[in-house]
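For reference, the structure discussed in these notes is given below.
Note that ligands are numbered from 1 as they come in the structure, with each ligand's atoms numbered from 1 the same way.
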Amino acid sequence: MLDRFDPAELSENVRSRFYIGGQWVSPRTDARLDLISPLTEQVQFSVPAAAPEDMDAAVSAASEAFENGPWPRLTPAERARYLIAMGQEVEKRLDLFKRVWTAQVGVVNGFSGMISGLIPHYFTYFAGLAETYPFEEDRPTPGGRARVIREPVGVCALILPWNSPLILLVAKLCPALLAGCTVVAKPSPETPLDALILAECADAVGLPPGVFNVVPADREAGDHLICDRRIDKVSFTGSTAAGRHIGAVCADRVARYSLELGGKSAAIICEDADLAAAIPAVTPVSMPFSGQICFAQTRMLVPERRKDEVVDAYRAAVESIKVGDPWEDDVGMGPLAMRRQQDRVFDYLDIGRKEGARIVTGGGRGAFNSGFFVQPTIFDGVTPDMRIAQEEIFGPVVSIIAYRDEEEAIRIANDSNFGLSGTVFTPDLERGENIARRVRTGNISVNGLQLDPSVPFGGFKQSGLGREGGPEGLEAYLEIKSIYLPA
Ligand code: NAD
């Protein structure tokens with residue numbers, strides 16, 4: 001059993017200040033963010049909400065650090081040393097990070113453990129790129145040579161969602177820092193704590209003032225931040241609707257932006273799939289963290305001939321997930337993060353019923369007196385045109401869609417405005433790879449979903465723009481300059 005989180009464990013700085021210009025700064029207004037327990041539905045405590053004036057101060061600090069501070073002028077190897085040190089500070093606090101994640105949004109221990117285990121690798125991976133990435137190269141020209149230089153893009157706003165607040169911040173922050181950028185991080189109003197604790201890590205290693213600033217805020221103050229003309233780049237993870245708006249704001253002043261948005265990813269169970277291997281591999285990634293993860297495999301494409309067999313096996317696996325108190329070790333699914341998520345998922349359950357899909361299991365709240373619970377739900381008889389097959393529900397709801405042959409499976413997988421993730425299950429790896437090549441998606445795994453900091457992650461179509469992870473993730477924070485030199 002995970003030790004329950006007590007707000008008294010947090011430092012006074014995390015509970016009552018912002019991190020701006022290397023200082024713990026008191027808020028300029030008395031606006032607050034209430035943190036509501038997804039389990040008890042009660043306010044647990046509150047922290048200050050950044051107002052536009054706080055945002056302005058954070059951008060000023062980041063601009064000053066970029067224009068006049070040492071950070072962009074250090075070598076990548078020097079910046080990498082800070083990353084390594086910060087990663088060590090993060091490792092010391094991994095247990096606290098896991099517990100604040102559960103307290104804020106109800107993630108279960110098994111999932112938070114798996115994701116938290118990846119976090120230190122982001123620091124070491126990006127620090128390692130300092131050695132191998134070609135920040136500068138010379139190319140011969142008829143008049144002499146050109147030196148091609150990768151420079152930091154400038155001051156970056158990192159806008160974060162509530163579902164995986166630490167790893168999504170780290171996936172942006174590590175490449176931004178290695179590149180030499182300075183950063184204003186705006187965590188989501190529901191999960192302000194992770195970024196503030198990360199600021200304590202930055203403080204502990206003496207990151208130069210203004211390089212990393214943290215200002216938790218609601219959407220309005222976030223909008224003020226992205227509209228600031230001193231912001232050179234916005235990196236956003238969240239809903240497609242907010243991403244579209246942020247893209248339009250940035251396009252207006254030709255600021256750089258990258259978007260990591262939603263998904264409606266397909267798990268393709270092939271005719272020859274070994275269900276004894278495929279079902280245990282697909283179940284945890286079909287509704288991880290109650291389905292509130294962008295890469296969830298929420299459409300399961302199954303061969304018509306084997307549909308009953310697949311549905312029976314998948315139903316048995318889903319029904320064996322223990323739903324309940326996320327602090328308990330044997331619980332595989334907790335409540336949803338917040339009431340608006342629960343309402344949204346219930347709306348989609350109604351939509352699915354009205355569209356004529358059949359609920360195989362779940363479909364209700366379960367026997368809980370409190371908590372934003374939704375039972376893990378499987379819809380059968382789903383056709384690709386239904387809204388539950390097309391729209392991101394962001395809850396523990398999977399649609400089973402039958403296909404006649406492989407061509408049709410690929411066609412259905414691609415019949416989506418999204419293209420973020422995907423999986424293929426077959427013992428024939430050549431077949432699996434051939435199918436994977438034909439699905440229009442940014443990431444697809446054969447026989448079990450994989451994620452790694454060294455590999456680019458991001459979406460096709462409305463799932464986003466740009467990539468995080470790998471050298472491609474670093475390039476998102478670099479501008480290219482060519483200096484022509486005589487022979
Ligand atoms: P959202 O996109 O509205 O919020 C995400 C972050 O963006 C938050 O920090 C929010 O304050 C900020 N934001 C929103 N509008 C902004 C603006 N105009 N300017 C600056 N910042 C802005 O997401 P949500 O309302 O929390 O969730 C709604 C839906 O979004 C979910 O149900 C799900 O479908 C999707 N979602 C996807 C992901 C993902 O990982 N891709 C994460 C969270 C939510």
Side-chain angles (χ1 to χ4, degrees), residues 31 33 36 38 49-50 52 55 58-59 104-105 107 115 156-169 171-172 184-195 214-228 231 234-250 252 255 257-265 287-296 298 336-348 372 374 387-388 390-397 417-421 442-443 451 457-459 461-466 468:
L33 301 170
I36 296 168
M55 290 294 172
V59 179
Q104 293 171 112
V105 288
V107 67
I115 298 291
C156 299
L158 311 184
I159 311 281
L160 302 152
W162 45 264
N163 56 345
S164 297
L166 181 62
I167 195 164
L168 294 174
L169 170 54
K172 297 177 193 305
V184 178
K186 191 210 83 66
S188 148
E190 295 85 3
T191 50
L193 300 181
D194 318 70
V214 178
V215 271
D218 62 15
R219 177 175 306 213
E220 285 68 34
D223 210 39
H224 184 81
L225 171 64
I226 60 165
C227 291
D228 192 315
I231 297 289
V234 178
S235 176
F236 169 78
T237 299
S239 64
T240 301
R244 204 177 278 128
H245 170 76
I246 287 170
V249 167
C250 290
D252 189 54
Y257 62 97
S258 35
L259 306 173
E260 207 270 270
L261 308 176
K264 192 75 191 178
S265 300
M287 22 178 112
F289 180 20
S290 307
Q292 301 169 113
I293 289 285
C294 53
F295 62 70
T298 50
L336 297 196
M338 61 202 75
R339 183 171 304 285
R340 74 170 188 276
Q341 276 296 117
Q342 189 191 36
D343 290 346
R344 174 189 170 101
V345 177
F346 281 145
D347 282 350
Y348 274 105
F372 304 125
V374 177
R387 284 183 62 191
I388 56 167
Q390 289 293 335
E391 297 174 17
E392 186 180 49
I393 298 174
F394 228 55
V397 183
N417 287 332
F418 295 109
L420 186 61
S421 176
N443 306 260
L451 289 171
F457 181 85
K461 302 190 255 181
Q462 290 184 22
S463 286
L465 209 60
E468 293 185 336

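Remark: ligand 1 atoms within the under-4.0 Å shell around heavy atoms of H245 are 18 (N). Counting atoms of ligand 1 from 1 in the listed order, those under 4.0 Å from a heavy atom of C294 are 39 (C), 40 (O), 41 (N). Shown in contact with I226 at under 4.0 Å from a heavy atom are these atoms of ligand 1, numbered in order with element: 19 (N). When each atom of ligand 1 is checked for a heavy atom of T237 under 4.0 Å away, the hits are 40 (O). Atoms of ligand 1 lying under 4.0 Å from any heavy atom of A242, numbered from 1 in the order shown and given with element: 2 (O), 14 (C), 15 (N).
Ranking the protein heavy atoms by distance from atom 20 (C) of ligand 1 puts G222 C, 3.2 Å first. At the top of the distance list for atom 8 (C) of ligand 1, counting protein heavy atoms only, stands L160 O, 3.4 Å. The single protein non-hydrogen atom nearest to atom 43 (C) of ligand 1 is P161 CB, 3.5 Å, given as residue, atom name and distance. Nearest protein neighbour of atom 17 (C) of ligand 1, counting heavy atoms only, is D223 OD1, 3.7 Å. Closest protein heavy atom to atom 40 (O) of ligand 1: N163 ND2, 3.3 Å. Looking only at protein heavy atoms, the nearest one to atom 41 (N) of ligand 1 is L261 O, 2.9 Å. Scanning the protein for heavy atoms near atom 11 (O) of ligand 1, the closest one is K186 NZ, 3.0 Å. The shortest contact between atom 12 (C) of ligand 1 and any protein heavy atom is with I159 CG2, 3.6 Å.
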Dump the intermediate steps for side-chain contact (heavy atoms from CB on, under 4.5 Å) on I293 and S164, then the final yes or no. CA-CA 8 Å; I293 289 285; S164 297; 3.3 Å; yes
Decide side-chain contact (heavy atoms from CB on, under 4.5 Å) for L169 and D194; before the verdict, give the C-alpha distance in whole Å, the side-chain angles of both, and the deciding distance to 0.1 Å. CA-CA 9 Å; L169 170 54; D194 318 70; over 6 Å; no
Would you check, one step at a time, whether the test side-chain contact (heavy atoms from CB on, under 4.5 Å) holds for L193 with Q104? CA-CA 9 Å; L193 300 181; Q104 293 171 112; 3.5 Å; yes
Begin from the C-alpha positions of L158 and S235 and carry the test side-chain contact (heavy atoms from CB on, under 4.5 Å) through to its verdict. CA-CA 5 Å; L158 311 184; S235 176; 3.9 Å; yes
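No donor-acceptor distance shorter than 3.5 angstrom exists from the side chain of K264 to the backbone of E392, with no hydrogens or angles considered. Not one N or O on the side chain of Q292 forms a donor-acceptor pair closer than 3.5 Å with the backbone of F394. Although no hydrogens or angles enter the test, the distance criterion places no donor-acceptor pair under 3.5 Å between the side chain of E190 and the main chain of A337. Judged purely by atom type and a 3.5 angstrom limit, R344 uses its side chain to pair as donor or acceptor with the backbone of I393. No donor-acceptor distance shorter than 3.5 angstrom exists from the side chain of D343 to the backbone of F346, with no hydrogens or angles considered. Under a 3.5 Å cut-off, the side chain of K186 and the backbone N or O of A157 do not form any donor-acceptor pair. Looking only at distances, no side-chain donor or acceptor of S463 sits under 3.5 Å from a matching main-chain atom of L261.
With distances taken over non-hydrogen atoms, the option nearest atom 5 (C) of ligand 1 out of F236, F295, F394, W162 is F236. Taking all heavy atoms of M338, R340, E260, R344 into account, the minimum distance to atom 24 (P) of ligand 1 is reached by R340.
Residue contacts with ligand 1: Q341 is included, with a non-hydrogen atom under 4.0 Å away.
Checked by distance only, ligand 1 and S239 come closer than 3.5 Å through their nitrogen or oxygen atoms. In terms of polar-atom proximity, R219 is counted as a contact of ligand 1, with an N or O under 3.5 Å from an N or O of the ligand. Every N/O-N/O distance between P189 and ligand 1 stays at or above 3.5 Å. No N or O atom of E190 sits closer than 3.5 Å to an N or O atom of ligand 1.
Closest heavy-atom contact between S265 and A296: CB-O, 3.6 Å.
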